[in-house]
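Data first, discussion second: the structure below is written as structure tokens.
Keep in mind that the numbers below use all heavy atoms, side chains included, and drop hydrogens, waters and symmetry copies. Just so you know, ligand 1 is whichever comes first in the structure, and atom 1 is the first atom listed for that ligand.
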Amino acid sequence: MSAIDNLPPLREVIAAHDLRAKKSLGQNFLLDLNLTAKIARMAGDLTAADVVEIGPGPGGLTRGLLAEGARRVLAVEKDARCLPALEEIAAAYPGRLDVLNADALEVDWPAHLTPPIKIVANLPYNVGTELLVRWLTPPAWPPDWQSLTLMFQREVAERIVAAPGSKAYGRLAVLANWRTEARIVMTLPPEAFTPPPKVSSAVVHLTALPKPRFEADPEVLSRVVAMAFNQRRKMLRAALKGLAPDIEDRLLAAGLKPTDRAEQVSIEGFCALAREVA
Ligand code: SAM
């Protein structure tokens, strides 16, 4: 019996199902169920929410989510070896856990769920940023999800919450903070995982805002920001010269200095520029 439920400790589960971690699938498991329950609590009240978990692995975070009262969990796992362990959890929480053996980059999960939806995951590092960008750029806002509670490498987490003027500030920070409230809620040393990764990790909690902080067309904003940060050492007038022939005038009309660099521009500034070039 474990600290949070009547199921066996994760080390026993891993041994029983021979779940040796695969590097190619970004498998670094959390085995401390008190820690996984704590991460689940960072997602807020789960009792009235459907939770999507990407990459449950042997189910440590899944068990944390269920023990914390999640109404329903849809767990999307690519590695079929994990399915028997996840079925044991489903049996211990009847009707509350569905497992989808699929690639999270290909699955159409909102079809299976009832809002409000919270996404909670200890993400595989190789697909984490791509999934985040997809969740942050849905066809319409507000998105299907209410919040994201996600584990990243610490350096990526810092890029998500970075403020203008800092080295970590870039496309990810603009994308995230334009339409969500994003903060780091926990940091974890490598030893928290089995096997330990090379770097520290952090959990970021992002809450979807009802509407963007500043008006802008998402596609134009995305293009402007990508171009500006692609050549982040260049002045804006040089980095963005492909956007419009009169880019200096448009920068000035947006209240920006043509000689500034991308990392000095606030989200409000990028949105003003996106409106000018739209
Ligand atoms: N949630 C577990 C935990 O906290 O211990 C495992 C986390 S481990 C960092 C990442 C998990 O994502 C692994 O179980 C891996 O098999 C799974 N995974 C990797 N790529 C995936 C993909 N494209 N779609 C779904 N799951 C994936």
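In this structure, a donor-acceptor pair under 3.5 Å is absent between the side chains of Glu12 and His17. Inspection of the Gln27 and Asp79 side chains reveals an N or O donor paired with an N or O acceptor under 3.5 Å.
Considering Ile119, Asp50, Thr207 in turn, Ile119 is the only one that fulfils the side-chain contact (heavy atoms from CB on, under 4.5 Å) rule with Trp145.
Counting the atoms of ligand 1 from 1 in the order shown, those under 4.0 Å from a heavy atom of Asn28 are 7 (C), 8 (S), 9 (C). Counting the atoms of ligand 1 from 1 in the order shown, those under 4.0 Å from a heavy atom of Ala102 are 24 (N), 25 (C). Listed by atom number, the atoms of ligand 1 under 4.0 Å from Ala104 heavy atoms are 22 (C), 23 (N), 24 (N), 25 (C). For ligand 1, the atoms sitting less than 4.0 Å from at least one non-hydrogen atom of Gly57 are 14 (O), numbered in the order shown with element in parentheses. Atoms of ligand 1 lying under 4.0 Å from any heavy atom of Asp79, numbered from 1 in the order shown and given with element: 16 (O).
Nearest-heavy-atom check against atom 3 (C) of ligand 1 across Asn122, Leu86, Val120 picks out Asn122. When the heavy-atom distances from atom 8 (S) of ligand 1 to Ala21, Pro197, Gly26 are ranked, the shortest goes to Gly26. By heavy-atom distance, the residue among Asn101, Leu131, Asp103, Val76 lying nearest atom 23 (N) of ligand 1 is Asp103. For the residues Arg63, Arg81, Lys78, Glu77, the heavy atom positioned nearest atom 16 (O) of ligand 1 is part of Glu77.
Between Pro195 and Ala21, the shortest heavy-atom contact is CD-CB, 3.5 Å. Minimum interatomic distance between Leu19 and Arg81 (heavy atoms only, all atoms of both residues): CD2-O, 3.3 Å.
If you look at Glu53 next to ligand 1, the close heavy atoms, those under 4.0 Å, all belong to the side chain. Residue contacts with ligand 1, taken as heavy atom pairs separated by less than 4.0 Å, do not involve Ala121 at all. When heavy-atom distances to ligand 1 are checked against a 4.0 Å cut-off, Cys82 has no atom that comes that close, whether in backbone or side chain.
The nearest heavy-atom contact from the protein to atom 1 (N) of ligand 1 is Gly55 O, 2.7 Å. For atom 19 (C) of ligand 1, the nearest protein heavy atom (residue, atom name, distance) is Leu25 O, 3.1 Å. The shortest contact between atom 2 (C) of ligand 1 and any protein heavy atom is with Pro56 O, 3.3 Å. Ranking the protein heavy atoms by distance from atom 18 (N) of ligand 1 puts Pro124 CG, 3.7 Å first. The nearest protein atom to atom 13 (C) of ligand 1, hydrogens excluded, is given as Gln27 CG, 3.5 Å; this is a heavy-atom distance. Of the protein's heavy atoms, Leu30 N, 2.8 Å lies nearest to atom 5 (O) of ligand 1.
With rounding to the nearest 0.5 Å, the separation of CG in Leu105 from CG in Asp103 is 4.5 Å.
Taking a cutoff of 4.0 Å between a charged side-chain nitrogen and a carboxylate oxygen, Arg72 and Asp98 qualify as a salt bridge.
Sorted by first and then second residue, the pairs that involve residues 254-277 and meet salt bridge (Lys or Arg N to Asp or Glu O under 4.0 Å), not counting sequence neighbours, are Arg232-Glu263.
By the 4.5 Å heavy-atom criterion applied to side chains, Met151 and Ile39 are counted as neighbours.
Taking Ile, Leu, Val, Met, Phe, Trp and Tyr as members and joining any whose side-chain heavy atoms lie under 4.5 Å apart, directly or through other members, the hydrophobic cluster of Val277 also contains Tyr169, Val174, Trp178, Phe214, Val220, Leu221, Val224, Val225, Met227, Phe229, Leu236, Leu240, Leu243, Ile247, Leu251, Leu256, Val265, Ile267, Phe270, Leu273.
More than 12 heavy atoms of other residues, nucleotides or ligands sit less than 6.0 Å from atom CZ of Arg213.
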